[in-house]
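Please read the structure below before turning to the comments.
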Number of protein chains: 2
Amino acid sequence: MSTTAPTRSRKAQIDRTATALFRARGFAATSMRELATELGLEAGSLYSHIKSKEEILHRVCFGLADEFFAGFAAATLDSAAPIATQLRLAIEAHVRVLTRDSAASAVFLHEWRHLSEPARTEFLALRDRYEAAFRGLIQQGIAAGELHAPDAAFAALTLLASLNWLPAWYRPDGKLSPDEIAHRLAEQLLNGMRNYE
Amino acid sequence: MSTTAPTRSRKAQIDRTATALFRARGFAATSMRELATELGLEAGSLYSHIKSKEEILHRVCFGLADEFFAGFAAATLDSAAPIATQLRLAIEAHVRVLTRDSAASAVFLHEWRHLSEPARTEFLALRDRYEAAFRGLIQQGIAAGELHAPDAAFAALTLLASLNWLPAWYRPDGKLSPDEIAHRLAEQLLNGMRNYE
DNA sequence: TTCGTTTGCTAACGAGCGTTAGCAAGTATA
DNA sequence: TATACTTGCTAACGCTCGTTAGCAAACGAA
């Protein structure tokens, strides 16, 4: 294990730096020479650790997909709990993933289109499954009378859209902690902004 | 006027085709040769009509910014109207722009980062101004007791995030018309999803 | 007819791209 | 000390990129 540890860390370091660049400039506009320079290497040296540029993107996108699914599964473990509670937990889990690594999240959200087939199709299938999970939760909530919405699919899209905008403005040193952000998002989405006096 | 009409239309045709490609592949991953082929031209011929690839992006991004500002101004013309009404009108205006040309909207939302300075900074300033306009409206609503939210800035971000996800899934031939979409978005954002029986 | 504009072509430029081959130094294990 | 692996270099490959120069056909306006 100790023999492979240095490899892993160098590889992980490449992934991290690449993720930051992919986020800032986009996948296509980031060159391997830029990435190498950022790491203090020559471009060719990168290929002692990775197979291709796209391999990095693949790892980031699918790695984050795993995290999102794991978070959702944990949030809905207690299927007897009120749907509103499960939904709140799922929102919090989602926000936790987004805030733990907002650069990787931004890449996950925007750069997946540069995956070539068949990875691209596989990725979209995963994303659809995740959206469907939220949609199903909302549908259950409507059926149980806990939630109201004219269209669960529409509500799910709006909900995820609000959450997924987070990496665009979240700063780890901002005034709101991830938990506070998750709480406010859940409140606002569940209660709306209208004041009934 | 008839002498400049063909020019305009050819240029506009290039802009439209480029916008569709920029949306589908991203600005950096779209080549001028690809664009030319799509138009039935050779790459060099494009430069009889445009000055550079970035010029197209610039026109799309700043053109849409104008449309968003015009829509907001029209929605808030009657400043004596209830804030909830103005906000609803502003949401509808925003959705109308997004649905009228969802390809250009997607480029506006995601590809502005490929503008070079100083255009990039100018663009971000415009975007900030637009966000501030929504934030101001929400603040007024909170002060007037029509809306409730712990943080107007937070609420504005969430609201725009929900709206701006629209180009990602909107289809002109879908079952919901732009007006219905705008109405539902406004309802859901103002009322939330929780059911109070 | 003449003139200017629009439109488009071919050919090429310098530059940068992702990636590979071959080599070598360092390091940990046996 | 011998072995294997990690890490990184230099040099170069074939390719694509955005863009330009120069030329030519078509066409409306005078």
Side-chain angles (χ1 to χ4, degrees), chain A residues 1-22 24-61 107 111-117 119-120, chain B residues 1-22 24-61 107 111-117 119-120:
Chain A
M1 187 189 290
S2 66
T3 61
T4 57
T7 306
R8 271 208 242 271
S9 89
R10 199 44 164 156
K11 200 168 183 175
Q13 195 184 344
I14 291 174
D15 281 1
R16 287 199 62 78
T17 307
T19 300
L21 285 173
F22 291 169
R25 314 200 201 300
F27 176 79
T30 301
S31 76
M32 297 304 277
R33 284 165 178 85
E34 236 179 326
L35 172 57
T37 300
E38 196 86 4
L39 287 158
L41 301 177
E42 293 302 316
S45 309
L46 291 167
Y47 290 84
S48 298
H49 307 278
I50 60 165
K51 288 207 299 267
S52 70
K53 185 187 180 187
E54 184 174 339
E55 188 209 25
I56 305 175
L57 180 63
H58 189 283
R59 210 159 31 236
V60 173
C61 287
V107 171
E111 306 300 327
W112 56 265
R113 58 172 75 242
H114 295 107
L115 291 168
S116 56
E117 298 295 350
R120 186 186 149 117
Chain B
M1 189 189 287
S2 66
T3 60
T4 56
T7 307
R8 270 208 243 273
S9 89
R10 199 45 165 157
K11 201 168 182 175
Q13 196 183 344
I14 291 174
D15 282 1
R16 285 199 63 78
T17 307
T19 300
L21 285 173
F22 291 170
R25 315 200 200 299
F27 176 79
T30 301
S31 76
M32 297 304 277
R33 284 166 178 85
E34 234 179 329
L35 172 57
T37 300
E38 196 84 5
L39 287 158
L41 301 177
E42 292 301 315
S45 309
L46 291 168
Y47 291 84
S48 299
H49 307 279
I50 60 163
K51 289 208 298 267
S52 70
K53 184 187 181 187
E54 183 174 341
E55 188 208 25
I56 305 175
L57 180 64
H58 189 281
R59 211 160 31 236
V60 173
C61 286
V107 171
E111 305 299 327
W112 57 265
R113 61 172 75 239
H114 295 107
L115 291 168
S116 56
E117 297 296 349
R120 186 184 148 117

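Keep in mind that what you see is a predicted model, and the values were worked out from it rather than measured. Naming: A, B, ... by sequence-line order, numbering from 1 per chain.
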Heavy-atom nearest nucleotide on DNA chain C for Ser45(A) versus Glu34(A): which residue maps closer to 5'? Glu34(A)
CG/Leu41(B) to OH/Tyr47(B) distance, rounded to the nearest 0.5 angstrom? 12.5 Å
For atom CD1 of Ile56(A) and atom C1' of dG18(C), their distance in whole Å: 11 Å
Met32(B) atom CE is separated from dC9(C) atom P, nearest whole Å, by 14 Å
Of Ala43(A) and Lys53(B), whose closest DNA chain D nucleotide lies nearer the 5' terminus? Ala43(A)
Closest-nucleotide ordering on DNA chain D, the 5'-leading residue of Glu54(B) and Ser48(B): Glu54(B)
Please state how far atom CD in Gln13(A) lies from atom C1' in dG8(D), giving the value in whole angstrom units. 13 Å
Can you name the nearest heavy-atom pair linking Phe22(B) to Leu57(B), along with the distance? CE1-N, 4.3 Å
Among Ile56(B), Thr19(B), Leu21(B), which residue meets the side chain to side chain contact (heavy atoms under 4.5 Å, CB included) test with Val107(B)? Thr19(B)
Specify the separation, in whole Å, of atom CG of Leu46(A) and atom P of dC17(C). 13 Å
Does His49(A) make a side-chain N or O approach to OP1 or OP2 of dT7(D) shorter than 4.0 Å? yes
Distance-only polar pair, side chains of Gln13(B) and Arg16(B), donor-acceptor under 3.5 Å: no
Distance check needed: dT6(C) P versus Ile50(B) CD1, whole Å only. 16 Å
How is Ser31(B) classified with respect to the nucleic acid when contacts are heavy atoms under 4.0 Å: base, sugar-phosphate, or nothing? sugar-phosphate
Would you confirm whether Glu38(B), through its side chain, and Thr17(B), through its main-chain N or O, come within 3.5 Å as a donor-acceptor pair? no
Residue Glu42(A), side-chain atoms from C-beta onward, closest of dT19(C), dC9(D), dG18(D): dC9(D)
Do Arg33(A) and dG16(C) share a donor-acceptor pair, side chain to base, under 3.5 Å? no
Here the distance between atom P of dG18(C) and atom NE2 of His114(A), to the nearest Å, is 12 Å
To the nearest Å, how far apart are Leu35(A) CG and dT19(C) P? 11 Å
Please determine, for the side chain of Arg10(B), which listed nucleotide (dT20(D), dT7(C), dT19(C)) has the closest atom? dT7(C)
Measure from CZ on Phe22(B) to C1' on dG18(D) and round the result to the nearest Å. 12 Å
Tell me whether the OP1 or OP2 atom of dT19(C) has a side-chain N or O from Tyr47(A) closer than 4.0 Å. yes
